[in-house]
Amino acid sequence: MRTVRTLHRRCAIVVTLFVLLHVVNHAAAIGGIGAHLRFMEAARAVYRQPLLEALLLLCVMGQAGSGLWLLHAGWRGRPGWLAWLQALSGAYLALFLLIHVTAVLAGRAVLDLDTNVHFAAAGLQVWPYQLFFVPYYFLALAAVFAHLGCALARRAAPPGRALIVALPLGMGVLLASLVLAALMGGLAPYEVPQAYKETYAAR
Ligand code: HEM
């Protein structure tokens with residue numbers, strides 16, 4: 001149990017660094033799709049370095065696998081709402097990461113697409129796929145903030161814990177709403193190029 005927890009914390013360092021960069025990248029879409037594309041181009045120069053990307057993908061697998069193991073191992077003895085919120089937001093992130101990273105790698109290797117913002121936004125602009133992708137991305141962003149908020153709150157005294165979780169969670173909900181609105185063309189006109197939309201139409 002202790003070894004799995006240590007693995008979870010070590011992988012979290014690399015995954016959290018990438019996720020912060022990734023979330024800032026998505027936040028750039030609020031300023032326009034051009035800003036998102038430019039930010040990703042610069043960020044890719046770092047995380048697409050083969051060695052760094054391999055390390056990131058290994059840590060994603062370690063993080064998701066150890067997280068699901070910890071969830072299962074502590075199923076009966078979890079004390080209170082904070083431990084449950086941390087476990088459930090972590091469980092969602094583990095499943096999200098497995099689907100999300102597989103989809104991105106398949107988009108590159110099988111569909112031969114540049115997996116940029118258009119790749120993600122296509123699922124948000126082709127009916128009826130929004131029914132899946134809106135809650136899927138919304139919950140992922142909210143869960144990142146809830147999970148990190150819980151990790152901070154567990155180190156604080158009980159009276160302030162709810163606030164330490166509520167503040168980041170509120171920020172996550174606001175950010176998720178704005179990012180999704182931007183990718184759906186709700187903040188400024190934005191239509192995903194046809195080549196990306198066709199990956200849905202063909203199914
Ligand atoms: C609105 C929410 C999100 C959207 C639209 C989104 C979109 C994308 C896109 C387009 C890529 C491909 C990047 C590239 O080709 O360089 C990607 C990669 C990735 N995303 Fe997300 N993402 C979201 C949230 C998240 C969250 C919450 C996490 C983690 C908890 C995450 C983890 C990853 C990882 C690990 C990769 C693989 C990086 C790589 O090796 O290329 N994403 N995402």
Side-chain angles (χ1 to χ4, degrees), residues 8 11-30 33 35-68 86 89-125 129-130 132-151 168-169 171-187 190 192-193 196 199:
H8 195 67
C11 291
I13 299 170
V14 174
V15 176
T16 306
L17 282 175
F18 170 78
V19 170
L20 290 179
L21 182 74
H22 199 49
V23 168
V24 173
N25 193 161
H26 297 321
I30 299 166
I33 296 304
H36 189 292
L37 287 166
R38 282 192 297 280
F39 191 105
M40 185 171 272
E41 203 181 311
R44 275 177 174 176
V46 181
Y47 70 78
R48 283 272 188 109
Q49 295 292 331
L51 269 181
L52 279 184
E53 192 171 32
L55 175 71
L56 172 65
L57 295 177
L58 263 180
C59 289
V60 163
M61 283 192 288
Q63 182 82 20
S66 58
L68 290 175
Q86 187 167 27
S89 55
Y92 181 78
L93 284 176
L95 293 178
F96 170 82
L97 273 172
L98 295 176
I99 300 172
H100 186 57
V101 173
T102 307
V104 168
L105 296 180
R108 275 153 63 175
V110 181
L111 301 176
D112 198 23
L113 286 171
D114 178 356
T115 50
N116 57 18
V117 66
H118 305 314
F119 178 72
L124 293 164
Q125 293 198 7
Y129 297 94
Q130 291 99 328
F132 171 77
F133 283 105
V134 170
Y136 168 77
Y137 283 129
F138 185 89
L139 287 176
L141 287 175
V144 165
F145 285 80
H147 200 68
L148 292 177
C150 288
L169 183 56
M171 269 173 58
V173 165
L174 178 67
L175 184 75
S177 311
L178 288 171
V179 168
L180 289 185
L183 299 193
M184 295 174 86
L187 297 185
Y190 164 45
V192 169
Y196 287 89
T199 61

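Numbering of ligands and ligand atoms starts at 1, following listing order.
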To which protein heavy atom is atom 28 (C) of ligand 1 closest, and what is the distance rounded to 0.1 Å?
-> F96 CE2, 3.7 Å
Among all protein non-hydrogen atoms, which one is nearest to atom 27 (C) of ligand 1, and what is the separation to 0.1 Å?
-> V144 CG2, 3.6 Å
Any donor-acceptor N/O pair, Q63 side chain to V14 backbone, under 3.5 Å | no
Applying a 4.0 Å heavy-atom criterion (strictly less than), which segment of T115 is in contact with ligand 1: side chain, backbone, both, or neither?
-> both
Atom 16 (O) of ligand 1 [closest protein heavy-atom partner, distance rounded to 0.1 Å] | Y47 OH, 2.5 Å
Listed by chain and number, what are the salt bridge (charged side-chain N to carboxylate O under 4.0 Å, His left out) partners of R38, not counting sequence neighbours?
-> none
Would you check whether N116 has a nitrogen or oxygen atom less than 3.5 angstrom from a nitrogen or oxygen atom of ligand 1?
-> no
Between the main-chain N or O of D114 and the side-chain N or O of Y196, is there a donor-acceptor pair closer than 3.5 Å?
-> yes
Output yes when a side-chain donor or acceptor of Q125 lies under 3.5 Å from a complementary backbone atom of V192, and no otherwise.
-> yes
H147 vs H8 aromatic rings, parallel, tilted or perpendicular, using cut-offs 30° and 60°?
-> perpendicular
Who's the nearest protein heavy-atom neighbour of atom 40 (O) of ligand 1, and how far?
-> E53 OE2, 2.5 Å
Numbering the atoms of ligand 1 from 1, which are under 4.0 Å from a heavy atom of V60?
-> 35 (C)
In the protein, which heavy atom is nearest to atom 38 (C) of ligand 1, and how far is it?
-> F18 CZ, 3.6 Å
Backbone or side chain, does any N or O of Y137 fall under 3.5 Å from an N or O of ligand 1?
-> no
A student checking ligand 1 against L97 at a 4.0 Å heavy-atom cut-off should list atoms 29 (C), 30 (C), 32 (C)
Is Y92 reaching over with its side chain to a backbone N or O of Y136, donor-acceptor style, under 3.5 angstrom?
-> yes
So, T16 side chain and I13 main chain: donor-acceptor pair closer than 3.5 Å or not?
-> no
Parallel, tilted or perpendicular, as decided by the 30° and 60° cut-offs, for the rings of F96 and H100 | parallel
CG on L175 to CD1 on I30, rounded to 0.5 Å = 5.5 Å
With heavy atoms of R44 as the reference, note each atom of ligand 1 found under 4.0 Å away.
-> 14 (C), 15 (O), 16 (O)
Restricting to pairs with a member in residues 92-104, which pass salt bridge (charged side-chain N to carboxylate O under 4.0 Å, His left out), not counting sequence neighbours?
-> none
Check each atom of ligand 1 against the heavy atoms of V19 and keep those under 4.0 Å away; list them by number with element.
-> 29 (C), 30 (C)
Counting no waters, how many protein N/O/S atoms sit under 2.8 Å from atom 21 (Fe) of ligand 1?
-> 2
Here the salt bridge (charged side-chain N to carboxylate O under 4.0 Å, His left out) pairs for residues 92-110, sequence neighbours left out, are E53-R108
